[in-house]
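Below, read A as the first sequence line, B as the second, and so on, with proteins coming before strands; counting in each chain starts at 1.
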Protein chains: 2
Amino acid sequence: MLESNPSPGPEPDRAGPEKPRLERQRILQAGVDFIEQHGARQLTMRRLGSALGVEAMSLYRYVPSRESLLDGIVETVIDELYGDPEVYVEPRHGWQDYLLRLAHGLRRLALKHPQVFPLVATRPTEAPWVRPPLRSLRWVESFLAALTSSGFSDRAAVATYRAFSSFLLGHLLLEVAALGADVGPVEEADPHPPASADLDGYPLLQQLQDLLSEDRSAQEFEESLENLMDRLEALAP
Amino acid sequence: MLESNPSPGPEPDRAGPEKPRLERQRILQAGVDFIEQHGARQLTMRRLGSALGVEAMSLYRYVPSRESLLDGIVETVIDELYGDPEVYVEPRHGWQDYLLRLAHGLRRLALKHPQVFPLVATRPTEAPWVRPPLRSLRWVESFLAALTSSGFSDRAAVATYRAFSSFLLGHLLLEVAALGADVGPVEEADPHPPASADLDGYPLLQQLQDLLSEDRSAQEFEESLENLMDRLEALAP
DNA sequence: ACCTGAACACCGTTCAAGT
DNA sequence: ACCTGAACACCGTTCAAGT
């Protein structure tokens, strides 16, 4: 689907400060930066061009359309996962360790790219069973390999994959949304500023507002992840 | 935030086939229908106008901008929850029953509006602690009231609210995405059709493709919901 | 080989003008 | 009171033309 993936073998060309695909990668990186600064809604071929010191039309030599530019931006961000030394493509200390590292790596990615993450979560995927946020064939293969090689049945591995992606998607999308990131398309100078809502008529909301506003996302992530792991133990061999 | 909510008291003016706010509501309903048919990306002031037999400029008498039109469309859809006879605003048979009914009602809503649901999931909310998919002050108030009136502490009620929304968001967003709905912005005639991906080099994906493509969303929803309920029992009084 | 100017068909939005 | 025509500043995208 992504025309940027000519060699789909499981061995990644690791993302990093090298510069292969010289121009395309520069454009995609500029796209990531632009979105992180101004939000996805602001990203325009013309504006990205001018951020690169070039006319919009030049981008079409490297990217067939704005849509595929966004796909490439998403891909660029998830490819960072390969650069995370804490995340293993091959399990080293069992499947629990593998899953915990992967979950934390994806959370770091989401928090590093709060404006891009909603795109990671919501762009159409390569195949219907590629479930965000783990949206790459390579990672899905890695995931399933880690589980089946630990003795999970095929069914159990797939069930684990689904439970894991649901959990991560819900948590991370809500966490970046709470970061003040506009989730999904983003406005710059917001026409309807998120002024603290009018709570007249909602006594409980008034009473619980402080509790509701507390940021417990890190703890909740850990607790829910632990709970998920407990649940998954039941599927383990 | 939504200019369509002049009386924010907890008593809803129930959604239904009546026609209060005559014109605005007609526009929003047309917007819902349009998105469900063509996807949110296709929704244009001009096109929606012509679907209503009117010029785009006329819409601005009822809706201040395209952004707020989208907000209104999302609101229209979640307001349908009030019309669901299986969902109670006030708990009648305890908090477990309340939560189960609410969860199933939201799932029905997502499946009824697979193209709108990604907007429900990703549009900026009225306040940072309003967490999709339960994106209305009225419902958050209802939720917290149901729990505290069942004896939950304030903290436990808030923790439950958070766990519940994460769970629903992850599950439902992935479920509508799998429905073939493009999640988030949508393309009509897709330039990169979701042709079945090239699985060369991914032996496990090939081997598990049938399992991966099986639709088990209903069962998984029930199982995960049950697990969540078990977890929440620990917070109950 | 790479970039651009001009052009096309479309946007959202404003506002004076029509009825 | 409600709708519209014309206009403005912007889009994505194509393509022949420049260097």
Give a yes or no on whether the ring-centroid distance for B:Trp139 and B:Tyr161 is below 6.0 angstrom.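 They do not qualify: ring centres at least 6.0 Å apart.
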OP1 or OP2 of [N] versus the side-chain N and O atoms of [X]: is any pair under 4.0 Å?
| X | N | answer |
| --- | --- | --- |
| B:Tyr62 | D:dC3 | yes |
| B:Arg66 | C:dG12 | yes |
| B:Ser58 | D:dC2 | no |
| B:Thr44 | C:dG12 | yes |

Sub-4.5 Å side-chain heavy-atom contact between A:Leu168 and A:Leu225: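 No. Closest side-chain heavy atoms not under 4.5 Å.
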Determine whether the side chains of B:Arg162 and A:Ser217 contain a donor N or O and an acceptor N or O closer than 3.5 Å.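 No donor-acceptor contact under 3.5 Å links the two side chains.
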How many Å lie between CG on B:Leu69 and C1' on C:dC11, as a whole number?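 Rounding to the nearest Å, CG of B:Leu69 and C1' of C:dC11 are 14 Å apart.
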Round to a whole Å and report the spacing from CD1 of A:Ile27 to P of C:dC3.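 Distance, rounded to whole Å: 8 Å.
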What's the closest nucleotide to the [X] side chain, out of [options]?
| X | options | value |
| --- | --- | --- |
| A:Arg46 | D:dT13, C:dT4, C:dC11 | D:dT13 |
| B:Ala56 | C:dT13, D:dT13, D:dC11 | C:dT13 |
| A:Tyr60 | C:dC11, C:dT13, D:dG12 | D:dG12 |

Would you please classify the geometry between the B:Phe143 ring and the B:Phe164 ring as parallel, tilted or perpendicular, with 30° and 60° separating the classes?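 B:Phe164 and B:Phe143: tilted rings.
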Closer to the 5' end of DNA chain D via nearest nucleotide, is it A:Arg47 or A:Met57?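 Nearest-nucleotide comparison on DNA chain D picks A:Arg47.
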